[in-house]
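Here is the structure we will look at, set down as structure tokens.
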Amino acid sequence: MKFIEFAEICEKLESVTSNLEMARIISKFLKSADNLDIVTRFIEGSIFPAWSSEELGIGPSLLYDAIAMATGVKKRQVKAGVRELGDAGLACEKLCEKKMQRPLFAGELTVRHVYKSFEAISRAGGKASQKKKTRILADLFGSARPKEARYIARLVLEELRIGVGEGTVRDAIAQAFDVSKDEVERAYMLTNDLGLVAVTAKKGAKELRRLDIELGRPVKMMLAQVAKDVESTIEEMGEVALEYKYDGARVQIHKTNSDILLYSRRLENITKSLPDVVDMLKDGVSFKQAILEGEVIAIGEDGKPRPFQDILRRFRRKYEVKRIAREIPLHLSLFDVLFLDGEGLIHEPLVERRRILEKSLKKDHAPMIEVSPQTITSDISVAERIYKGAISAGHEGVLAKNPKSMYTPGKRGKNWLKVKPVAETLDLVVVGGMWGEGRRANLIGSYSLACRNPTMDSLLDIGRVGTGITDEQLVELTELFKDLVLSDVEMDIQIKPEIVFEIGYEEIQRSSNYKSGFALRFPRLVRVREDKSVKDADTIERVRELYKKQKGQT
DNA sequence: TTTGACTGCCC
DNA sequence: ATTCTGC
DNA sequence: GCAGAATGGGCAGTCAAA
């Protein structure tokens with residue numbers, strides 16, 4: 001299949017807003033496509049399947065290098081284009097139109113050729129590999145028409161920005177090959193590869209049904225939706241199964257006898273980084289063949305949870321794994337079982353899965369591993385007590401699960417609800433901004449923030465904020481700050497400190513990235529403090545106190 | 001040999 | 001992760 | 001209510017520049 005056909009479909013989809021219409025267009029396209037697996041992933045904006053360890057190793061910076069190389073302009077001009085158009089693909093397209101003469105002998109670019117180039121980019125490693133990667137990519141741009149270049153650039157960043165995601169492609173596959181949406185969804189959740197699902201669906205519904213959970217192939221993880229408080233979860237479900245929400249990292253465990261594999265939420269194989277977790281599972285789990293799920297957490301000697309940053313030091317580590325494992329020992333709290341001795345359990349209700357899970361650990365298992373404590377209740381006061389207990393023990397909050405619900409892989413539904421305390425807020429001074437991309441093109445898409453240092457009468461930066469802003473506000477704020485711009489270089493804007501934002505956050509963290517020495521976790525704009533000026537903004541002392549208090553009690 | 005930008009992925 | 005938005 | 005698209009801090013690994 002020619003790549004231009006793919007690019008033209010993308011362009012058409014970009015102008016359509018109706019999901020039904022998008023699915024119709026894609027289904028027609030998939031019906032006629034060869035290289036169906038590749039095309040299916042491409043249309044959804046991914047290159048390799050989620051479980052694959054392949055990755056390009058190209059982000060915005062190297063992409064801009066490649067565009068510059070292909071079109072013979074300076075990198076800063078590429079950046080200027082991205083700044084102006086709010087999109088690397090559009091910038092690339094424009095530069096290709098202007099600067100580049102497509103060689104006459106160049107053949108038509110095919111989907112296959114583009115994919116092969118991506119594979120080659122992925123394979124490149126070692127000395128001078130960045131040059132090699134950018135050269136391969138620049139060559140692609142060299143033989144691409146401008147419109148093709150637009151979508152190659154976006155594919156590289158895995159951001160097609162055409163309004164198409166998994167859901168749309170799932171519906172399109174069902175429509176294209178005349179199988180039910182549910183069956184497509186089921187197959188996808190269990191295999192994590194829309195390409196494979198499309199190819200199998202094309203063979204027929206019978207083949208599609210044959211795709212199933214397999215040990216060694218991670219299942220998409222079920223996710224929780226936010227609830228406003230504990231009471232509302234009981235109103236929603238009647239009876240809830242309550243568990244602590246730990247500040248850790250999700251892991252899925254695939255066990256075949258003594259063979260243990262660990263997967264992260266993005267389905268990365270993280271087995272090698274967590275040998276201590278593997279060992280506690282080897283020794284502690286009685287099941288021979290199973291898929292289990294849990295949360296790994298770091299707990300200090302005092303029994304209190306350690307900062308999330310400590311857990312991050314263990315993840316994806318390749319070197320000095322053992323030494324850091326001793327330094328930051330992990331605990332594993334198991335909360336689900338999806339598969340046992342050849343049988344899938346995802347259709348079993350939570351209570352039944354839980355009943356099975358409780359038999360998973362041997363009597364003499366290591367103390368580092370547990371089945372996550374759970375309470376089933378419909379009593380609001382009991383639930384509140386558990387929630388308060390979670391908070392005072394230093395955890396994030398609770399999960400309230402519907403005891404009757406099955407495990408729905410990849411879904412963020414209302415059968416699992418998470419409850420966390422309402423965010424704290426700080427009043428911080430806006431000292432800068434960054435131009436946005438996509439629908440935030442030509443608007444300030446995020447803002448840099450600072451707190452006051454009253455002793456020096458100066459400002460200390462403490463991070464940025466880019467969410468919690470409505471589209472309407474984005475426009476208003478960009479207008480508001482227009483007169484306060486001190487400098488505007490590439491994507492970065494410096495702003496005269498005058499405006500104060502009230503910023504919500506989950507936690508104050510130590511940070512070496514900001515002069516204040518602190519940063520906010522999950523910052524969001526709550527409101528513009530029109531009643532406050534710079535002198536009323538929060539101070540570094542207050543930040544320090546809040547940080548201490550938070551460590552003291554959590 | 002050291003430093004720092006970049007990338008991908010945890011939350 | 002959080003949040004907003006169009007369907 | 002869902003799916004998609006904006007955006008956050010911070011860690012390890014990789015590679016290139018200093």
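Residue numbers begin at 1 in each chain, while the letters A, B, ... track the order of the sequences. Atoms considered below: every heavy atom in the structure, side chains included; atoms not considered: hydrogens, waters and symmetry mates.
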(request) Could you list where the contact with chain A starts and ends along DNA chain D, reading 5' to 3', using a 4.0 Å heavy-atom cut-off? (result) D:dC2 to D:dA16

(message) With nearest nucleotide decided by heavy atoms, which residue, A:Phe518 or A:Ser129, maps closer to the 5′ end of DNA chain D?
(response)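 On the 5' side of the pair lies A:Phe518.
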
(request) Would you kindly compare A:Glu236 and A:Arg440 by the position of their nearest DNA chain D nucleotide and give the one closer to the 5′ end? (result) A:Glu236

Which part of the nucleic acid, if any, lies within reach of [X] when heavy atoms closer than 4.0 Å are counted: base, sugar-phosphate only, or nothing?
{"X": "A:Glu506", "answer": "nothing"}
{"X": "A:Lys411", "answer": "sugar-phosphate"}
{"X": "A:Ile328", "answer": "nothing"}
{"X": "A:Ala423", "answer": "nothing"}
{"X": "A:Tyr319", "answer": "sugar-phosphate"}
{"X": "A:Lys133", "answer": "nothing"}
{"X": "A:Ser273", "answer": "nothing"}
{"X": "A:Gly504", "answer": "nothing"}

(message) Is the ring pair A:Phe501/A:Phe481 parallel, tilted or perpendicular, if the boundaries are 30 and 60 degrees?
(response)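 The arrangement is perpendicular - the two ring planes meet at more than 60°.
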
(request) Quick one: sort the A:Tyr244 and A:His395 rings into parallel, tilted or perpendicular, breaks at 30° and 60°. (result) tilted

(request) Report the C-alpha distance between A:Asp182 and A:Ser180 in whole Å, list the side-chain angles of each, state the deciding distance to 0.1 Å, and finish with yes or no for side-chain hydrogen bond (donor to acceptor under 3.5 Å, both in side chains). (result) CA-CA 5 Å; A:Asp182 289 348; A:Ser180 80; 5.4 Å; no

Close side-chain approach of [X] and [Y], heavy atoms under 4.5 Å:
{"X": "A:Arg464", "Y": "A:Met434", "answer": "yes"}
{"X": "A:Val475", "Y": "A:Asp471", "answer": "no"}
{"X": "A:Leu474", "Y": "A:Ile444", "answer": "no"}

(message) Give the residues of residues 460-479 of chain A touching DNA chain C, defined as any heavy atom closer than 4.0 Å, sorted by residue number.
(response)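 Per residue number, the list reads A:Thr467, A:Gly468, A:Ile469, A:Thr470, A:Asp471.
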
(message) How many whole angstroms separate atom CG of A:Leu520 from atom C1' of C:dT2?
(response) 13 Å

(message) Output the rounded distance in Å from CD (A:Gln225) to C1' (C:dT3).
(response)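 In whole Å, C:dT3 C1' lies 13 Å from A:Gln225 CD.
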
(request) For A:Pro523 and for A:Leu20, find the nucleotide of DNA chain C with the closest heavy atom, then tell me which residue's nucleotide is more 5'. (result) A:Pro523

(message) Within a 6.0 Å radius of atom NZ on A:Lys272, are there more than 12 heavy atoms belonging to other residues, nucleotides or ligands?
(response) no

(request) Any pair with a residue in residues 41-52 of chain A that passes salt bridge (charged side-chain N to carboxylate O under 4.0 Å, His left out), sequence neighbours left out, goes on the list, sorted by first then second residue, please. (result) A:Arg41-A:Asp193

(request) Would you give a per-nucleotide map of nucleotides 3-11 of chain B, 5' to 3', where B means the base has a protein non-hydrogen atom under 4.0 Å away, S means only the sugar-phosphate does, and - means neither? (result) ---SSBSBB

Atom pairs and distances, donor-acceptor, side-chain atoms in residues 514-527 of chain A, under 3.5 Å, two or more places apart:
residue  : atom : partner  : partner atom : Å
A:Ser516 : OG   : A:Asp461 : O            : 2.8
A:Ser516 : OG   : A:Phe518 : N            : 3.2
A:Ser516 : OG   : A:Phe518 : O            : 3.1
A:Arg521 : NH1  : A:Asp247 : OD1          : 3.4
A:Arg521 : NH1  : A:Asp247 : OD2          : 2.9
A:Arg521 : NH1  : A:Glu507 : OE1          : 2.9
A:Arg521 : NH2  : A:Asp247 : OD1          : 3.1
A:Arg524 : NH1  : A:Glu506 : OE2          : 3.0
A:Arg524 : NH1  : A:Phe522 : O            : 2.9
A:Arg524 : NH2  : A:Glu506 : OE2          : 2.8
A:Arg527 : NE   : A:Glu502 : OE1          : 2.4
A:Arg527 : NH2  : A:Glu502 : OE1          : 3.1

Check: residues 12-19 of chain A side-chain donor-acceptor pairs under 3.5 Å, at least two apart:
residue : atom : partner  : partner atom : Å
A:Glu14 : OE1  : A:Arg150 : NH1          : 3.2
A:Glu14 : OE1  : A:Tyr151 : OH           : 2.3
A:Glu14 : OE1  : A:Arg154 : NH1          : 3.4
A:Glu14 : OE2  : A:Arg154 : NH1          : 3.1
A:Glu14 : OE2  : A:Arg154 : NH2          : 3.3
A:Ser15 : OG   : A:Lys12  : O            : 2.7
A:Ser18 : OG   : A:Leu20  : N            : 3.3
A:Ser18 : OG   : A:Glu21  : N            : 3.1

(message) Go through it in stages, so that I can follow the logic: the residues are A:Tyr188 and A:Leu194, the test is side-chain contact (heavy atoms from CB on, under 4.5 Å), and I'd like the CA-CA distance, side-chain angles, deciding distance and then a yes or no.
(response) CA-CA 6 Å; A:Tyr188 175 52; A:Leu194 274 174; 3.6 Å; yes

(request) Look at A:Glu243 together with A:Lys401 and state whether they make a salt bridge at an N to O cut-off of under 4.0 Å. (result)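 A:Lys401 and A:Glu243: salt-bridged.
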
